[in-house]
Amino acid sequence: MTATADSSRLIAVRPDVREFTASAKQMYIGGEFVDALSGRTFETVDPATGEVITTVPHARAEDVDRAVAAARSAFEAGAWRLMTPAQRQRVLWQIGEGILARADQFAQLESIDNGKSVGVARAVDVAWAAEIFFYYAGWATKIEGRTIPVSVPWAPGGQFHAFTLREPVGVCAQIVPWNLPLVMAAFKVAPALTCGNTVILKPAEQTPLTALLLAEVIDGLGLPAGVFNVVTGFGDAGAALAAHGDVDKVAFTGSTEVGKKIVAASQGNLKKVSLELGGKSPQVVFADADLDAAIPGTASGFLFNHGQACTAGTRLLVEDKIFEEFTQGVAEVAASQRIGSGMDTTTDIGPLISGEQLERVTGYIDAGLADGARALSGGKRHGTTGFYVEPTLLVDVNNSFSVYREEIFGPVAVAVPFSAADGVKAAANDTPYGLAASVWTRDISKAHRVASEIQAGTVWINCHNAFDTALPFGGYKQSGWGKELGEGAIDMYTQSKSVNIAL
Ligand code: NAP
Ligand code: MG
C-alpha cells in the first residue's frame, strides 16, 4: 500500500515567492522585462493542486524576432565576447552566487511550478544549477587553442606559424524541458555564456518561472543588454527559434520526436544543432551484486524526479537466479514511497507535470497490463485529484510491449530476467536510445566488460544518476547529438579557427 504524504505538513509559501507570483510575469529581452508584443499571456499551473500560479507572456514569432535581434546586436557589439576571460569568469561566478543567495526562493518556485519535492529542488536542482555556473566560470580563462607544426606540401622550405583559436559560435537558442527546468537551463546557459556567446532561453510552457527568476539574478549583475534573454511561449516559439535565420546554434533537450523537428527546422541556415533526447535506459543487475545497495539504488534509478528524467533506468535486466528476490525488493521500495505535494517535506513522489502526462503515463501502464504484464507494485493513478501515479514495477513483460520499448516519463519500470549463458548485451542494446545505463555487480572485470558493450553515452557502475558537472553527458543512437557538461559543452559552444602565418 502506497503511503500518502500528509497535507497538513505543507510548508508555508515564502513571502518572496508570493511576491514573485503575485503579479503577471514578464519575459526578458534586451535587458528589459517586457510583455509579448501581442499582449497575450498564458497561465502556469501548480500540478499538485491544478491552481493557477501566475501568468507569463505568450511569445510568438514576432517576439522571437525581437529576442534574436537583441542577442545578435549584443553579440556583434562585442561587449560580452571581447570582455576579458577573467571578467567573464567573475560574472559566471556571480550568477552561481546569485542563485545560492535566493536558493530557497528558487526551490519553492521550482516545487510549485513543477511538482517536485521542495527538499529535492533545494538539494539537487538549485545546488547543482549554481555548481554548473561555478564550474563554467573556471572555464572562461581556459578556452585555449593549439599550436600545430605544419608542413605545407607545396611550399617546401617555407616556414609557418600555425595555431587554432576557439571562438564563440554566436547567437544561441536554448530550448529546455519541464522536468529539471533550472538545471536544464544551467546546462546550456553557463557554457554558452562562458564562451562569449549570447543566449535566448526558451523554458517549457509548463515551467517558465525559475528561468524568469534566473533572469532577475542576471539582470542584477549588469551584463550588457541582450547577452541573456528569456522568451516564454509554446512549441511554436521554440520552432521559430529553431528555424530562425539569424540564430547560429540551437541546443535542445526534450523528446526525440521534437528533436527531429529541430533538425528539420535548422536546415535553412544550417545552424549548429545539439540535442539531448529521450532514453529507455537499462539497469543491468547481476546475481553477484550487493543487493542491499542494488535494490534501493535501482529503485531510485527509475523513481528519481517521479521518473521524469531522460536517464531514468526504466528497464531492469535482472539475472534469472535472483529475479524473484530482487524484483520483490524493488517493488517493496516502490510501494513504500510517500506520494504527495512537493511542498510537503516528507514527500518522495510528487505529481506528474500535467494532466496530459498523467494520461500518457497511465495509458502506458494500462497498455502494458493489457499486453499481459503484471504489476508487482503500483499499476494505476494515485487518488483522484492531482496528477499522481503510483510507483509501478511491471514483470511478465517482453520486448514487444510498448512499456518495454518507449520512453514513459513517469515512475514506471519493467523488469525482465536474463541468463548468464545468454549474456545481457543484446537486451541492454535492444532500444533505439542510448543515453545511459547502469551495471550492478561485485565483479570488476564483468563490470568493465559490460560497460564497454553497452551503447550509451553514460554507464554507471553500482550507482545510477551519479552525475558530475565535469563528466561529459549526452546520448548515443537516437538519444542525441553532442555532449553537454564538462569540456564537451565548451566544444559545442565554440568553433575552432585555424590561423596559418607564413614567416
Ligand atoms: P517536448 O515537446 O519535446 O518539449 C521540450 C521543449 O521543446 C519545450 O520547451 C517545448 O515547448 C519545446 N518544443 C515543443 N515543440 C517544439 C518545436 N516544434 N520546435 C521547437 N521546440 C519545441 O516534450 P513534452 O511535450 O514536454 O513531453 C513529451 C515527452 O517528451 C515526455 O513524455 C517525455 O517522454 C519526453 N521528454 C523528454 C525529456 C528529456 O529530457 N529527454 C524532457 C521532456 C520530455 P513547450 O513546452 O511550450 O511545448
Ligand atoms: Mg510540449
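Indexing begins at 1, ligand by ligand and atom by atom, following the structure's order. Hydrogens, waters and symmetry mates play no part in the numbers below; they use all other heavy atoms, side chains included.
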Contact check: F409 vs ligand 1, nitrogen or oxygen atoms, below 3.5 angstrom: no
Ionic contact status for D65 with R72, cut-off 4.0 Å: no
Non-hydrogen side-chain atoms of P432 and K477 separated by less than 4.5 Å: no
Minimum side-chain heavy-atom gap V68-L241 below 4.5 Å: yes
S479 to ligand 1, any heavy atom closer than 4.0 Å: no
V258, portion touching ligand 1 at heavy-atom distance under 4.0 Å: side chain
W128 vs Y135, ring-ring contact (aromatic ring centres under 6.0 Å, His included): CA-CA, chis, key distance, verdict: CA-CA 10 Å; W128 192 16; Y135 174 84; over 10 Å; no
Test of proximity, K261 against ligand 1: N or O pairs below 3.5 Å: no
P177 neighbourhood, listing ligand 1 atoms whose heavy-atom distance to it stays under 4.0 Å: 42 (C), 43 (C)
Residue G238 vicinity, atoms of ligand 1 by number, heavy atom under 4.0 Å: 19 (N), 20 (C), 21 (N)
Note: K116-D125 ion pair, threshold 4.0 Å (strictly below): yes
Option with minimal heavy-atom separation from atom 5 (C) of ligand 1, where the choices are L201, V250, T253: T253
Ligand 1-proximal atoms of Q206, by part, heavy-atom distance under 4.0 Å: side chain
Best match, A309, S255, G233, A237: closest heavy atom to atom 1 (P) of ligand 1: S255
Proximal ligand 1 atoms for W178, defined as those under 4.0 Å from one of its heavy atoms: 24 (P), 26 (O), 27 (O)
Side-chain donor/acceptor pairs under 3.5 Å, residues 231-240, sequence neighbours excluded:
residue: T232; atom: OG1; partner: P57; partner atom: O; Å: 2.7

Atoms of ligand 1, numbered as shown, that sit under 4.0 Å from any heavy atom of K202: 9 (O), 11 (O), 45 (P), 47 (O)
A242, portion touching ligand 1 at heavy-atom distance under 4.0 Å: neither
Ligand 1 atoms in contact with L277 (distance to a heavy atom under 4.0 Å): 41 (N)
Residue selection (non-hydrogen contact nearest atom 19 (N) of ligand 1) among G279, P203, A239: A239
Parallel, tilted or perpendicular: ring planes of W460 versus F467, cut at 30 and 60 degrees: perpendicular
Contact partition for V176 relative to ligand 1, non-hydrogen atoms under 4.0 Å: backbone
CA sep, side-chain torsions, deciding dist, call: F228, W80, ring-ring contact (aromatic ring centres under 6.0 Å, His included): CA-CA 10 Å; F228 176 72; W80 178 246; over 10 Å; no
Check: D491 and K483 side chains under 4.5 Å, non-hydrogen atoms: no
Whether over 12 other heavy atoms sit under 6.0 Å from E62 CD: yes
Q357, portion touching ligand 1 at heavy-atom distance under 4.0 Å: side chain
Residue-ligand contact G278/ligand 1, heavy atom below 4.0 Å: yes
For ligand 1, the portion of I262 having any non-hydrogen atom under 4.0 Å away: side chain
Ligand 1 atoms in contact with N179 (distance to a heavy atom under 4.0 Å): 40 (O)
Within reach of ligand 1, part of Q308 (heavy-atom separation under 4.0 Å): neither
Backbone N/O of V120 and side chain of S117: donor-acceptor pair under 3.5 Å: yes
Could you give the side-chain donor-acceptor pairs of residues 190-197 under 3.5 Å, partners two or more places apart or in another chain?
residue: T194; atom: OG1; partner: Y136; partner atom: O; Å: 2.6
residue: T194; atom: OG1; partner: A140; partner atom: N; Å: 3.4
residue: N197; atom: OD1; partner: V169; partner atom: N; Å: 2.7
residue: N197; atom: OD1; partner: G170; partner atom: N; Å: 2.9
residue: N197; atom: ND2; partner: A192; partner atom: O; Å: 2.9
residue: N197; atom: ND2; partner: Y493; partner atom: O; Å: 2.9

